[in-house]
There are 2 protein chains.
Amino acid sequence: MADKVTIATVAAHANVSRQTVSNVLNTPHLVREETRERVREAIAVLGYRANQAARLMRTGRSHLLAVRIEPTRDGINGSVLDRFLHGLTEAAAPAGYRILLYAAADDQAEIATYDDLLATYELDGFVLTSTHHGDVRTSWLAERGVPFVTFGRPWGRLGADARTEPAALSGAAGSHPWVDVDNAAGTAAATRHLLDAGHRRIGFIGWPEGSGVGDERRAGWAATAGADLPELARATVDGVAEGEAAAHDLLSISDPPTALVCASDSLAAGAYGVAPPGVAVTGFDDTAVARVLGLTSVAQPLAEAAARCVDLLAGVLDGGAAPHPVLLPPSLVIRQSA
Amino acid sequence: MADKVTIATVAAHANVSRQTVSNVLNTPHLVREETRERVREAIAVLGYRANQAARLMRTGRSHLLAVRIEPTRDGINGSVLDRFLHGLTEAAAPAGYRILLYAAADDQAEIATYDDLLATYELDGFVLTSTHHGDVRTSWLAERGVPFVTFGRPWGRLGADARTEPAALSGAAGSHPWVDVDNAAGTAAATRHLLDAGHRRIGFIGWPEGSGVGDERRAGWAATAGADLPELARATVDGVAEGEAAAHDLLSISDPPTALVCASDSLAAGAYGVAPPGVAVTGFDDTAVARVLGLTSVAQPLAEAAARCVDLLAGVLDGGAAPHPVLLPPSLVIRQSA
DNA sequence: TTGTACGCGTTATCAT
DNA sequence: ATGATAACGCGTACAA
């Protein structure tokens, strides 16, 4: 095991002061070309890498970003977080950041964790997922000036539509940097696909009102599907059994729908299981379950979303500029279910 | 935002020196009871938390553990890693450790990442997953004396059976701490369940020889299933389509099997799709896909495995004792497919 | 380009 | 046995 190579080792090797080595790394233009090269060679030869702890003590920058890892609920949508985490990790590395994981049972526990992580590890920033109406986490972080990005737009007060709220979309005061996938566009694309296939009565199975994401997904369907909307929509908590029940219910009305747009692959899996042949079903998230069942599903560009989260956070941290929010388009993966 | 609370703040508040505060935290028996209480109260009142960076510089201990996040292959088994990561994060926190993520394309890149993480963040240890025969990562770490645990036993040279290798099981010299799930016991349980249900010809669909885990799973089936084994087994790379093909093949032989034990839920999903009614199928990993399809599947105790990984690593780090390997029993989750 | 102080907690040494 | 003082680790900010 080679001895520890510090900035002093490099300085000695290159016959300069420690400070000059630091300058070569951080403000190279201040160092004469010839010296710079000599130092760089010493760095390469010795395999020197700056110690983050020492750097942190001076600069207050840990180059660490934290993200919460949630427990996999029914596991169907769990892989979404998994892919997002992988994208985050891959995008962070070239930008000079690492990803730290934390778990928290609820928002309050999560805030306590922020406090702890900031105090002990001086985290540079947070990536929040699963944002919701009246999220206390964002206000806590904002109040303290802690940099963060959310994957999921700020939902503000209950019932407000972000697309009609200039403040949220522009990232103006009171808001914060965010990256989101256009959920409404996703269900709209699925609905359009069904219309193109000749379906005229298209139902929707989603979640109870109040979850921003769920409301968006329903809105995309509603804006595209046509008339008679309320009677063609059912709301339920997420789950396969719940999807079965809702589909059963919807298909039992007079003049039933011939196609069902679902807010998740869990619901779609249930619906697809009870739907008679000819009734089309679409899901959301393009999970492994959708692939195996042959469910047409809306795919979120998770790697891209993660990369943009890192971009935004790095922008705040390095540039200081308030970055523009990012709204990414989903895509429809067509399989045999629709 | 409250001012930063350092050890000096606490010392001033409690009317002692900084050193005494440090002693209260690290060697409390050296401090008089009354003083100790006063300091502890100051710590609580001020909400003091030691700065890890400063501590690290002195002690060389970052309290950071790293684990690789792999890209989700077909997504079906991806949730396994997800659950493991969550377990790791939850188990690490109370032990005073945090989990750092990294991505790497292959073993060589992973080793380069070790080098970087050790040099820049002074990681305390690594948790390795997906160990395989002749793993260069473990030897690299072992040579440098870097603490690590593997989820998956050391496979040693190709073809060696860890259960017959005392060195591997005992954690003796040349080995390293590991946690594993008894894969053979898992497929054995599935096979026994099928025997109990009256099946007499039980086939197996697994992976090509050489992957330690795959060989274990086959061995569990072979030891339990009975006669005519070679003709009842098929090997293929993992995947739903591959499972379909292998099942189709196995069910086409003369005197075909009436039940199929599969090495993964992906293979089982494929097999279940083409198997005629009455042919039982079991999978491995109890993924969401198994739940949705109603596949009987072997479940790994991932949270437990993760917790034991942390235990072992913490043991090495804090105690210095060479810990015993851990072999956990899987459980069979019975659904309608078998 | 260089010298020097600094950040913060711990270890070593010294005084009571 | 307690507590205080000083030095240390490593990279950077600032002044020289």
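By convention in this document, chain letters (A, B, ...) are assigned in the order of the sequence lines, proteins followed by strands, and residues within each chain are numbered from 1. Quick note: numbers below take in every heavy atom, side chains included, and nothing from hydrogens, waters or symmetry partners.
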(message) Between the side chains of B/Glu41 and B/Arg38, is the shortest nitrogen-to-carboxylate-oxygen separation below 4.0 Å, so that they form an ion pair?
(response) no

Value in whole Å for how far the [atom2] atom of [N] lies from [atom1] of [X]:
X        : N      : atom1 : atom2 : result
A/Arg58  : C/dA5  : CZ    : C1'   : 7 Å
A/Ile7   : D/dA13 : CD1   : P     : 11 Å
B/Arg38  : D/dG3  : CZ    : P     : 8 Å
B/Asn15  : D/dG3  : CG    : C1'   : 13 Å
A/Leu30  : C/dT1  : CG    : P     : 9 Å
B/Glu122 : D/dG9  : CD    : C1'   : 9 Å
A/Leu56  : D/dT12 : CG    : P     : 11 Å
B/His63  : C/dT10 : NE2   : P     : 9 Å

Between the NE2 atom in A/His29 and the CZ atom in A/Arg36, the distance rounded to the nearest 0.5 Å is 9.5 Å

Rounding to 0.5 Å, atoms OG (B/Ser130) and CZ (B/Arg68) come to a distance of 6.5 Å

The residue, B/Arg18 or A/Gln52, whose nearest nucleotide of DNA chain D is more 5′ is B/Arg18

Contacts of B/Ala54 and B/Thr20 projected onto DNA chain D by closest heavy atom; the upstream (5') one is B/Thr20

Is the backbone of A/Ser62 close enough, under 3.5 Å, to the side chain of A/Asp124 for a donor and an acceptor to pair up by distance? yes

Could you tell me whether [X] contacts a base, only the sugar-phosphate backbone, or nothing, with contacts defined as non-hydrogen atoms closer than 4.0 Å?
X       : value
A/Leu25 : nothing
A/Val21 : nothing
A/Arg32 : sugar-phosphate
A/Val16 : sugar-phosphate
B/Asn26 : sugar-phosphate

From C-beta outward on [X], which listed nucleotide comes closest to its side chain: [options]?
X       : options                : value
B/Gln19 : D/dT12, C/dT10, C/dT1  : C/dT10
A/Thr6  : D/dT12, C/dT10, D/dC10 : D/dC10
A/Thr35 : D/dA4, C/dT10, C/dT1   : C/dT1

Subject >> Phosphate-side-chain proximity, B/Arg55 and C/dT10, N/O vs OP1/OP2 below 4.0 Å >> reply: yes

Q.
Can you see if the side chain of A/Asn51 gets near the phosphate of D/dG11 - specifically, an N or O under 4.0 Å from OP1 or OP2?
A. no

Parallel under 30°, tilted from 30 to 60°, perpendicular over 60°: which one fits the rings of B/Phe84 and B/Phe151?
-> parallel

